[in-house]
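Written out below as structure tokens is the structure these notes cover.
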Amino acid sequence: MHASFIAGDTEGGRPSVGFAISKRCGGAVQRNLIRRRLRGALEEIAPGVTNGSYLIRTDAGVINLNYTELIHNLKSCMKRAGETARRGND
């Protein structure tokens with residue numbers, strides 16, 4: 001899982017997040033399942049995430065993660081993306 005980040009204020013003070021899920025992750029049913037799981041995990045971590053716009057890219061391995069691992073990986077990649085963007089602006 002990898003995240004790209006653009007700093008800025010978003011509507012409602014919550015991060016704006018888009019998902020890029022490759023067809024290599026499976027058919028439409030599999031990709032939609034991944035998207036729903038990511039949205040659910042995002043709801044849990046959103047209050048602690050830097051405000052801005054994110055693009056989350058996944059690979060096929062994300063389907064094998066349990067929910068706790070998914071939350072941890074999502075939080076970690078979003079944090080790294082936010083820190084990288086802040087370093088680039090210094």
Side-chain angles (χ1 to χ4, degrees):
M1 193 175 323
H2 179 77
S4 298
F5 175 74
I6 299 173
D9 290 334
T10 55
E11 190 174 314
R14 297 184 63 171
S16 173
V17 181
F19 300 104
I21 303 170
S22 168
K23 287 187 178 183
R24 284 181 256 166
C25 291
V29 172
Q30 284 293 108
R31 293 192 312 271
N32 287 333
L33 174 63
I34 292 169
R35 190 173 289 110
R36 284 192 307 272
R37 291 183 75 216
L38 286 168
R39 281 188 194 135
L42 182 62
E43 287 297 317
E44 290 196 29
I45 67 169
V49 174
T50 303
N51 195 12
S53 299
Y54 293 85
L55 175 63
I56 308 296
R57 291 184 300 269
T58 64
D59 58 19
V62 76
I63 197 70
N64 297 321
L65 299 175
N66 67 41
Y67 195 64
T68 304
E69 293 169 331
L70 182 66
I71 289 172
H72 174 75
N73 286 349
L74 183 60
K75 187 187 299 186
S76 176
C77 82
M78 291 178 81
K79 182 179 177 185
R80 279 192 316 268
E83 289 171 353
T84 301
R86 278 193 296 277
R87 277 195 307 258
N89 291 331
D90 292 341

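Taking OH of Y54 as the start and OG of S16 as the end, the distance is 10.5 Å to the nearest 0.5 Å. With rounding to the nearest 0.5 angstrom, the CZ atom of R37 is 7.5 Å from the CG atom of N66. In this structure, CD1 in I71 is found 11.0 Å from CG in L65, a value given to the nearest 0.5 Å. Considering OG1 of T58 and CG of N73, their distance stands at 11.5 Å, rounded to 0.5 Å. Interatomic distance, E44 CD to L74 CG, rounded to the nearest 0.5 Å: 10.5 Å.
Across all their heavy atoms, G26 and R31 have their closest contact at O-NH1, 2.8 Å. Shown here for A3 and A81, the closest heavy-atom pair between the two residues is O-CB, 3.4 Å.
The closest side-chain heavy-atom distance from I34 to F19 is not below 4.5 Å. Residues M1 and I56 have side chains in contact (heavy-atom distance under 4.5 Å, counting atoms from C-beta outward).
Checked against side-chain contact (heavy atoms from CB on, under 4.5 Å), R36 has the following partners two or more places apart in sequence or in another chain: N32, L33.
Judged purely by atom type and a 3.5 angstrom limit, R35 has no side-chain atom pairing as donor or acceptor with the backbone of I21.
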Problem set entry | Audit row: V17, M78, side-chain contact (heavy atoms from CB on, under 4.5 Å) steps and yes/no | CA-CA 10 Å; V17 181; M78 291 178 81; 4.0 Å; yes
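At a cut-off of 3.5 Å, with distance as the only test, no side-chain donor of R57 or S22 sits close to an acceptor on the other residue.
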